[in-house]
Amino acid sequence: MSLPLNTEVRMLKGVGPQRAELLAKRGIYTFEDLLACLPFRYEDRIHFSAIKDVRPGVTYTIRAQVASGSAVQSMRRRDSVYHLLVRDETGSLACKFFHGGYLEGRLKPGQLLVLHGKAEIDRLRPARVEMVNPQMELLSAEGADSTEVGRIVPIYEAMGTFGSRSIRRAVYMALQNLPAQIADALPAGLRERLGLPSRREALIAAHFPPAGTPLDALNEFRSPAQQRLIFEEFFLYQMSLALERRTQRKENAPAFVVREERVREALKRMLPFKPTGAQKRVLAEIAADLEKPVAMNRLLQGDVGSGKTIVALESAVIAIENKCQAALMAPTEILAVQHFLSAGRILGRAGYRVELLISGMKPEEKAAAKERIRTGEAQLVIGTHALIEDEVEFARLGLVCIDEQHRFGVLQRKRLMDKAAKLGQAPHVLVLTATPIPRTLALTLYGDLDVSVLDELPPGRTPIETRLTSEPHLNGVWEFVRGEAARGRQAYVVYPVIEESKLELKAAMEEYERLSRDVFPRLRVGLLHGRLASEEKEEVMRSFRANELQVLVATTVVEVGVDVPNATVMVIEHAERFGLSQLHQLRGRIGRGAEKSTCILVGPQRMSEEARARLETMVRTSNGFEIAETDLQLRGPGEFFGTRQHGSLGFNIANPLRDRAVLELARREAFALAEDPAQAGALQDVLRALPPQWSRRYHLARVG
Ligand code: ADP
Ligand code: MG
């Protein structure tokens, strides 16, 4: 029988209404959705290992029979440990399942099962080898179901009560009924040229690999079937980026005059310092884009402190000199106000009109600002998300700059761009990020952007010294802060209030009180957190900037962009709770002047080896790219980008880090195809015709 891919999963035997509901919660409604859940691991169940050969430190797959089993109440934990003894023709093996109370009464002597896990030396009886928390699958009574043994078997991530074995059965049935022809989004010519299997073949082989497929290749996602599916995922995503870029290219953006004497003079006049070589190079790249009647779409990457702001302001001057408005959007009010102040200083001196727009402003101030934006009187508008509110109208928006782009979603960038589109022209777009994104990920996320890199710090900076210490040594840390304050310097003390939850916030506030009362009674200490009202935040930042406060106790609100060159100490408590990139950002708040700066990471007294190794990375290097790569490897892309963009990186099978080479190939192919007018149209149709789930899965929301 043949069942199309849009058949509902509840048509499958073994998927009742309850399971169908469970699956629906995970976005799995049809065969298509189910088949998209690929195995995360494969087991060789043709060649089982014999128990007599088991050695410590090695991972095995064993088929055995239950000999005996019992749960033992653990003394320390509330839960119990389940002890299981299994046996095959060659010997017996002990297994331990922590939190295994649920197994009590479920395993009967004689029952057949497959165990997969690493053998270890039994701590209490070092002569013995055991398996701790192995993965276990009960075989059906006959022990001979063709999906269970005698082949390379796919292992799936369990979905609640829907375990790997049941998922495997359901997938098997869906594949049994797969129609002879199924839609394939990869053009046949491309597939042939790259030697990729069809989608149908790939789905079958990725779930139930044919005999002889090397197990290693499967477990590393290198089999042809898996590679094809990975390619497909990257290709479709890159395709949507490429098509979007093509549409943008067609849109006419204002072509700015840059080379004229007047503009050059204006740029020279505004610069408060000599630009670095990198700043000059990057401005030239931007200027070349701005001269074309095609919208610029450029990502400016530069490590913290590399001086991105001034490049954005120079670009704004070019726009303004060409009778257009420029907008600069920042992720926090603190940062927006800071930009407003420095832009006001730099551009205001040259007679340009800079406007601030943040939600914390008084209604009448806000209304007045919006009016000046609407009439075009405001030339550079700096603000937060408030800028993309519906009522904000620009007279002639020609350039959009987005600072700390990684804090915004793709859609927010788009909404600001749309403010200009209403006038029949696309704005030039410059996005800045201090989170140095590894190149592969930059391509994945911003495949539609050109990239410029500021790879040089302004001169005269003394490298920051980073130290790792632990709570018992805090007194020494405070002593150091007092010393720096005595020399006229300032310090940040940061607490990990990440979600700004009430409890965490309370802890930070209590620390602030303790510090100002007991630890630094003679210093002026301020407190800054996200829950303060706008004016309060501004006031605290103003007094810190003016050196009226020597110590600023803060949450991560100071993470991005804050620029106070006189601050030379950054103390980060509970440093182990932060991601490395976040620590790097925080550390970037100091070392902005000529004075030597010190970053002190405070961990708990007893720290895991892993946490220590992570924090040692910070001590070892100040290279943001290296730190970002390490962070990414340790924590995965979701964590790396914070929750905000989690969804946009949620690939199904592809992993931008592991599958770098495929990503780059897919990008080249997709962009080449999109450039080809004969093919692009057809592809756009293919993308449009894909089932809606695909758009979700492959982030195609922006196509057509
Ligand atoms: P980021 O790239 O982290 O946004 P900023 O734009 O905030 O960095 O710049 C960091 C500091 O370096 C600021 O105080 C800025 O005024 C200063 N700066 C930027 N460029 C130069 C330069 N070419 N020479 C000297 N100081 C510079
Ligand atoms: Mg910045």
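Order of listing sets the numbers, starting from 1, for every ligand and every atom in it. Below, all heavy atoms of this structure are taken into account, side chains as well, without hydrogens, waters or symmetry copies. For this chain, numbers begin at 1 and follow the sequence in order.
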Test item: N566 side-chain N/O and G488 main-chain N/O as donor-acceptor pair under 3.5 Å: yes

Of the protein's non-hydrogen atoms, which lies at the shortest distance from [atom], and what is that distance?
atom: atom 11 (C) of ligand 1; value: R461 NH2, 3.4 Å
atom: atom 2 (O) of ligand 1; value: K308 NZ, 2.6 Å
atom: atom 14 (O) of ligand 1; value: D563 OD2, 2.7 Å
atom: atom 7 (O) of ligand 1; value: R592 NH1, 3.1 Å
atom: atom 5 (P) of ligand 1; value: T309 OG1, 3.6 Å
atom: atom 19 (C) of ligand 1; value: F273 CZ, 3.5 Å
atom: atom 20 (N) of ligand 1; value: Q279 NE2, 3.0 Å

R262 atom CZ: more than 12 heavy-atom contacts under 6.0 Å: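 For R262, atom CZ is crowded (more than 12 foreign heavy atoms under 6.0 Å).
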
Nearest-0.5 Å distance that lies between atom CZ in F256 and atom CD in E291: 11.0 Å

Sub-3.5 Å N/O-N/O distance, G305 and ligand 1: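 Yes, since at least one N or O of G305 sits under 3.5 Å from an N or O of ligand 1.
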
Sub-3.5 Å N/O-N/O distance, G307 and ligand 1: yes

With a 4.0 Å heavy-atom cut-off (strictly under), which part of [X] contacts ligand 1: side chain, backbone, both or neither?
X: K274; answer: backbone
X: T276; answer: both
X: S306; answer: both
X: H339; answer: neither

For V304, atoms of ligand 1 separated by under 4.0 Å from a heavy atom: 3 (O)

Non-hydrogen atom of G302 closer than 4.0 Å to ligand 1: no

Whether K280 lies under 4.0 Å from ligand 1, heavy atom: no

Carboxylate-amine/guanidinium proximity below 4.0 Å for K537 and E539: no

Residues R614 and E576 bridged, charged N to O under 4.0 Å: no

Nearest option to atom 25 (C) of ligand 1, as decided by whichever heavy atom of P458, G277, P272, S342 sits closest: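 Looking at heavy atoms only, the winner is P458.
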
